[in-house]
Amino acid sequence: MRGIPVRIDGRWLIVFALSVVVVALNFMRGTTTTRLVRVDEMAAWAIGIFTTFILFLSIFGHELAHALVARAEGIEIEEIMLHPFGGLARLRHEPDEPAAEFRIAIAGPASNFLFALLAFGAMSVAAIGRFYVAAAVFFIIGWWNLLIAVFNLLPGYPLDGGRLLRAFLWQRTGHLHEATRTACLAGQIIAAVLIIFGLYFYLRFGDPFMGLWAILVGLFLWDAARAVLRGRLNAQTVADVMRPPLAIGPDLSISQFVDQVLPFHRQTIFPVARGGSLYGMLVLEDLKGLPRESWPRTRVREAMRPVEEKLFIEASAPLWRAAEIMRRNGIGALAVIDADGHLVGFLDHTQRRKPD
C-alpha cells in the first residue's frame with residue numbers, strides 16, 4: 001500500500017473467524033446489536049463475513065493513517081502489522097519532536113472517528129429507505145469504530161492515548177526517556193484494570209467471549225508496555241553502535257577538505273580534531289553561505305561549529321540519551337569521547353540501533 005509493506009499475523013485469521021461467527025449468530029437471533037433484525041442462516045453468514053471484513057479494513061485504515069502521517073513527518077515505515085489484537089505501524093525511528101509524536105498518534109483514532117461518522121450516516125440513510133439489514137450492518141461498523149477510537153485514546157503506552165500522553169510529557173519536561181517510562185507505567189495500570197474487568201465480567205455475567213477477550217487484550221498491553229520499559233532500561237550504549245571517527249584537522253583549508261576528503265566519504269558532518277582532542281563539528285550545510293573564492297584561505301576551524309556540550313557524548317552513555325541530544329542539537333550527529341575526553345567515535349541518527 002503506497003510502498004508500505006503489510007504483514008498479517010497468522011493468528012489474525014482465528015480472530016477473523018471468531019468475529020464472523022459472533023456477527024452471524026447475532027443476525028440469526030435478532031439481538032439488540034443487530035437492531036433486532038433477523039435473517040436466515042445463509043444470509044447471516046454472508047453478512048458476518050462482509051461486516052468482519054469491513055471492521056478489519058477499519059483497523060488497517062487506522063494503522064495506515066499512522067503510517068501516512070509518519071511518512072509526512074519524514075519517518076520511514078518498516079511495515080504495517082495486523083495481529084490478533086489490532087495492528088501496529090512500525091516506524092524506522094521515533095519522531096524528532098513532541099508535536100510530530102502527537103500528530104502521528106492522533107491520526108489513528110481520528111480515522112476511526114471518521115469511519116464511525118460515515119457508518120452512522122450510512123445507517124441513517126439506510127433506515128430512512130427501510131433497508132434495515134444494511135442499517136444494522138452500518139450500526140455495527142460505526143459502533144465498533146467508535147469503540148476502537150475511544151479505547152485507543154486511553155492514556156497508556158502502547159495505545160495511541162499513551163503516545164499522546166508521552167508527547168505531552170515530552171513537551172513539558174524535554175525528556176523523552178522519562179516521558180516514555182511514565183506512559184508505559186500508565187499502560188501497565190490500564191492493562192491490569194482490563195484483566196481484572198475481564199475476570200469480573202466472566203464470573204459475574206458468565207460471558208466467556210467478552211471476559212476472555214478483555215483478559216487477553218490486557219495481557220497483550222501489559223507485555224508490550226513491559227517490553228518497551230525493559231528495552232529502555234537495558235538500552236544499548238553509544239559504544240555499541242558508534243563508528244570510528246573520520247576526523248579532519250582544524251588547520252585544513254576548506255578547498256583541501258572539498259577536494260581531498262569529501263569525494264571519498266559520504267558524510268554531511270565531520271568531527272574536527274587533532275591529537276584526539278575534539279575542536280568542533282564541520283557541517284556541510286554551513287558551507288553553503290561561504291563564497292567559493294574564499295575556500296582556499298578559510299580554515300576548517302573558522303567554518304566549524306565550536307565544541308560545546310550538545311555536540312558530543314561519552315561512549316558509555318545510553319543510546320536513548322544520545323538520541324535525545326541529537327534531536328535537540330540541530331545537526332542530528334554527535335562526536336563520541338572516552339572518559340578522558342579523547343575522540344573515539346562518531347554517531348548520527350542512522351545508528352540509533354544495530355541492524356537486525
Report yes if some heavy atom in the side chain of [X] is under 4.5 Å from a heavy atom in the side chain of [Y]; otherwise report no.
{"X": "Leu153", "Y": "Ile106", "result": "yes"}
{"X": "Glu41", "Y": "Met28", "result": "yes"}
{"X": "Leu343", "Y": "Ser277", "result": "no"}
{"X": "Arg38", "Y": "Arg29", "result": "no"}
{"X": "Arg305", "Y": "Asp286", "result": "yes"}
{"X": "Val307", "Y": "Phe312", "result": "yes"}
{"X": "Phe270", "Y": "Val261", "result": "yes"}
{"X": "Asp348", "Y": "Arg243", "result": "yes"}

* Structure fact -> Contacts of Phe138 meeting ring-ring contact (aromatic ring centres under 6.0 Å, His included) (sequence neighbours excluded), chain-then-number -> none
* Asked: What pairs with Trp222 under ring-ring contact (aromatic ring centres under 6.0 Å, His included), at least two apart in sequence or on another chain?
  ->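 Expected list: none.
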* **For Asp9, all residues meeting side chain to side chain donor-acceptor pair (under 3.5 Å), sequence neighbours excluded** =>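 With sequence neighbours excluded, Asp9 shows a side chain to side chain donor-acceptor pair (under 3.5 Å) to Arg11, given in chain and number order.
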* List for me each residue that meets side chain to side chain donor-acceptor pair (under 3.5 Å) alongside Gln260, sequence neighbours excluded, and say none if there are none. =>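 Testing Gln260 for side chain to side chain donor-acceptor pair (under 3.5 Å), a comparison that skips the adjacent residues, returns none.
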May I ask you to decide if [Y]'s main-chain N or O and [X]'s side chain share a donor-acceptor pair within less than 3.5 Å?
{"X": "Ser19", "Y": "Phe16", "result": "no"}
{"X": "Arg130", "Y": "Ala126", "result": "no"}
{"X": "Asp223", "Y": "Leu219", "result": "no"}
{"X": "Asp40", "Y": "Met42", "result": "yes"}
{"X": "Asn329", "Y": "Gly332", "result": "yes"}
{"X": "Glu63", "Y": "Ala89", "result": "yes"}

* To do: Decide yes or no on side chain to side chain donor-acceptor pair (under 3.5 Å) for His62 and Asp160, but give the supporting numbers first.
  => CA-CA 11 Å; His62 176 110; Asp160 296 327; 2.8 Å; yes
Connected via hydrophobic side-chain network under 4.5 Å: [X] and [Y]:
{"X": "Ile59", "Y": "Phe151", "answer": "yes"}
{"X": "Leu246", "Y": "Leu252", "answer": "yes"}
{"X": "Leu147", "Y": "Leu164", "answer": "yes"}
{"X": "Ile75", "Y": "Leu68", "answer": "yes"}
{"X": "Ile254", "Y": "Ile248", "answer": "yes"}

* Asked: Does the pair Glu73/Arg103 count as a salt bridge with the N-to-O cut at 4.0 Å?
  ->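 A salt bridge is present here (some side-chain N lies under 4.0 Å from a carboxylate O).
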* To do: Determine, step by step, whether Val22 and Thr52 satisfy the side-chain contact (heavy atoms from CB on, under 4.5 Å) criterion, reporting the C-alpha distance in whole Å, the side-chain angles of both residues, the deciding distance to 0.1 Å, and the verdict.
  => CA-CA 10 Å; Val22 170; Thr52 299; over 6 Å; no
* Asked: Can you list every side chain to side chain donor-acceptor pair (under 3.5 Å) pair that touches residues 184-197, not counting sequence neighbours?
  -> none
* Could you pull out the closest heavy-atom pair between Ile269 and Ala333, with the gap in Å? => CD1-CB, 3.6 Å
* Met281 versus Ala335, closest heavy-atom pair with distance -> CE-N, 3.8 Å
* For Thr51, which of Ile54, Leu55, Ile49 qualifies under side chain to side chain contact (heavy atoms under 4.5 Å, CB included)? ->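 Exactly one pass, corresponding to Leu55.
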* To do: Using only heavy-atom distances, determine whether the side chains of Tyr157 and Arg163 contain a donor-acceptor pair under 3.5 Å.
  => no
* To do: Run the numbers on Phe346 and Gln267 for side-chain contact (heavy atoms from CB on, under 4.5 Å), then give the verdict.
  => CA-CA 11 Å; Phe346 180 77; Gln267 288 182 210; 4.2 Å; yes
* To do: For the residue pair Phe56 and Trp12, categorise the inter-ring angle as parallel (less than 30°), tilted (30 to 60°) or perpendicular (more than 60°).
  => perpendicular
* Please lay out, stage by stage, how Phe197 and Ile215 fare under the test side-chain contact (heavy atoms from CB on, under 4.5 Å). => CA-CA 8 Å; Phe197 171 78; Ile215 292 170; over 6 Å; no
* How many angstroms lie between atom CZ of Arg166 and atom OG1 of Thr180, to the nearest 0.5 angstrom? -> 4.0 Å
* Who passes salt bridge (charged side-chain N to carboxylate O under 4.0 Å, His left out) against Glu309, sequence neighbours left out? ->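 Expected list: none.
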